[in-house]
Amino acid sequence: MYLKSISLSQFRNYQTQAFAFAPCGSLIIGPNGSGKTNLLEAIAYCGIGKSIRLHHDEQLLSFNATTFSIAAEFEQDLGLDLSVSFNYCNKKKLLKLDSVPIRHLSDLFNSVKVIYCAPEDLQLINGSPRVRRQYFDMAISQLYPEYISILRNYLHIVEQRNSLLKTQYLASEKRSWDLRFIEACMEVVKYREKYLKLLNEYFQKDYLHFSSKVFNTGIRYLSANKAMVEHSVNAEGYLSLLQSLEAREKLYQRSLVGAHIDDYEFVLDDNTLRIYGSQGQKRIVVILLKLIQATLVEQVTGIKPILLFDDIFAELDIENTTNIHRFIDKRYQVLIASPNASITEIWDSIPTQYLENNV
Amino acid sequence: MILSVQFERLVQVLSRFPGIGKKTAQRLAWHLISSDKRYATELAETIQQAVDAFCTCGKCYMLAETDPCPICDSAERDTTQLCVVESSADVFLVENMNEFKGKYFVLGHLLSPIDGFGPEQIRASELVKLIIDLQPQEVVLALKPSAEGEATIHFISEILAGKAVKITRLSTGIPFGGDLEYTSSLTLTNAWKRRYSVQ
């Protein structure tokens, strides 16, 4: 799919502004503070229904504004049009797909596929486990929209179980919640492992010829419950694990194992990338991760995603930039934001739009 | 600006109804004060009488006009089957089906630690006591298939373990007249797991 046009009203630094894009994409060139990231954030918003940069909706309002709106027109791969609009007013958000109000975000996940890449993606490697969980949960929902409700159900059960741990309970009562918890947790982990399996296949494929520097990269699922990961699904073992943890869980009054605290580890030749990788290797790995994500979205859902690159080329050498260019090569629509007009030399096939200072 | 304290109080009370928001409560309040006064008086009296008339059955905990309730009191009902439901309203639903002729037990709540509902709140020991008294052959757990419902189903089956009683639950899956297209994937997965052979 590709984005044909987007209009923004009172969204961050934009009062009212409309943009049109070619099927191959656009280079968005402008000085610092001209609103490049805000534009990409608005486009990403159309794909996930919230800020990809983890802003709250009220933080997306222009200064002194009380409402904002985003309206985007897409063309789907078979040539059908799709319009997406958001209106945020009085802390309420109205989402419409083709002018029909939609209540479930999974409908949006089903139809709009956007992948956002920015320098802060390094946090996926260096940052806290929460950053990684958020990213992977979103990436999995892009492939399997039903994952959203599976995850939500799991988190609800975690909340119930945590409340239980704060009270005096009967053993049979706890076991009843433990079984619900295990069942929901295994379902979540099943999706995560399925996604990692797909990802790792591509990582090991010398994909994009990037891999001379990041050869043998992979992502491991780290779970406090190692037995479950190693021996796949086993409710019995999990139940006895929970029983052995009971004293500690009662002390901390919350669930100390489970998908809500599991983590992902990036490894390079069996070493933790976070500790042993160079800045360059980390950068390449996160970009590779996003490009593989794009491939998987296309492979599993049949929809070509839109790629948003927010100033990621500043730190990359010519060879890697050329590799990315060769990979995308009109396969996907790509919108690249940069303060530096020199990138137009490599991406010469893509039209350029210039943003003025303080639109 | 509040024009009438009486009116606001009426709106406040009405909006405590489930499913009634402030707007609807205001409409109802306007309707009441603008109608013939006899209507409001009749309504108030009817509510008063109905509320006074109802009590909780000491055996099954259903809301009824008598204690024991007509179902517990009836000699015609089949004591080999006991249906466990969340609320008295569910008893009416099951009764309307005209399929079940056994006895009932109303839990009042489902297990939900967030809301402070544990075994005591769902009357677990009262249920066990009733089962010992009644000696049914089957206990049907007619509870909704949510996280709370599932936990409650498991909990009850566990406290009844070792008793000579068959425990069943309602099946989950595609509703009759439903459309596969509009079935959530979770429901479909459940229906798939519990598929049965065509005989």
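Computed over heavy atoms, backbone and side chain alike; hydrogens, waters and symmetry mates excluded. Below, chains carry the letters A, B, ... as their sequence lines are ordered, and counting in each starts from 1. Computed from a predicted structure; not experimentally measured.
- Annotation for R194(B): atom CZ counts as buried by contact number, over 12 foreign heavy atoms lying within 6.0 Å.
- The most heavy-atom pairs under 4.5 Å with chain B, out of I157(A), N153(A), T167(A), L179(A), come from L179(A).
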Step-by-step side-chain contact (heavy atoms from CB on, under 4.5 Å) determination, V106(B) to D90(B)
CA-CA 9 Å; V106(B) 179; D90(B) 295 339; over 6 Å; no
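- Most heavy-atom pairs under 4.5 Å with chain B, from the set R175(A), H156(A), E159(A): that is R175(A).
- Both the sub-6.0 Å distance and the 45° axial angle are not jointly satisfied by R132(A) relative to the ring of Y264(A).
- Among K166(A), E146(A), R180(A), the residue making the largest number of heavy-atom pairs under 4.5 Å with chain B is R180(A).
- Formation of a donor-acceptor pair under 3.5 Å by the S141(A) side chain with backbone atoms of D137(A) is found in this model.
- Checked against the 6.0 Å centroid criterion, the rings of F7(B) and W30(B) qualify as a close aromatic pair.
- Contacts of L170(A) with chain B are made by side-chain atoms alone, with heavy-atom separations under 4.5 Å and no backbone atom involved.
- Of the two parts of L165(A), neither the backbone nor the side chain holds a non-hydrogen atom closer than 4.5 Å to a non-hydrogen atom of chain B.
- If you measure heavy-atom distances from L111(B) to chain A, the contacts under 4.5 Å come from both the backbone and the side chain.
- Annotation: maximal heavy-atom pairing with chain A below 4.5 Å, among G116(B), A151(B), G118(B), S146(B), occurs at A151(B).
- Neither the backbone nor the side chain of E120(B) comes within less than 4.5 Å of any heavy atom in chain A.
- Both the backbone and the side chain of S172(A) come within contact range of chain B, judged by heavy atoms closer than 4.5 Å.
- With a 4.5 angstrom heavy-atom cutoff, E150(B) touches chain A via backbone and side-chain atoms both.
- Within a 6.0 Å radius of NZ in K166(B), no more than 12 heavy atoms belonging to other residues, nucleotides or ligands are found.
- A cation-pi geometry, defined here as NZ or CZ lying under 6.0 Å from the six-membered ring centre and within 45° of its normal, holds between K194(A) and Y144(A).
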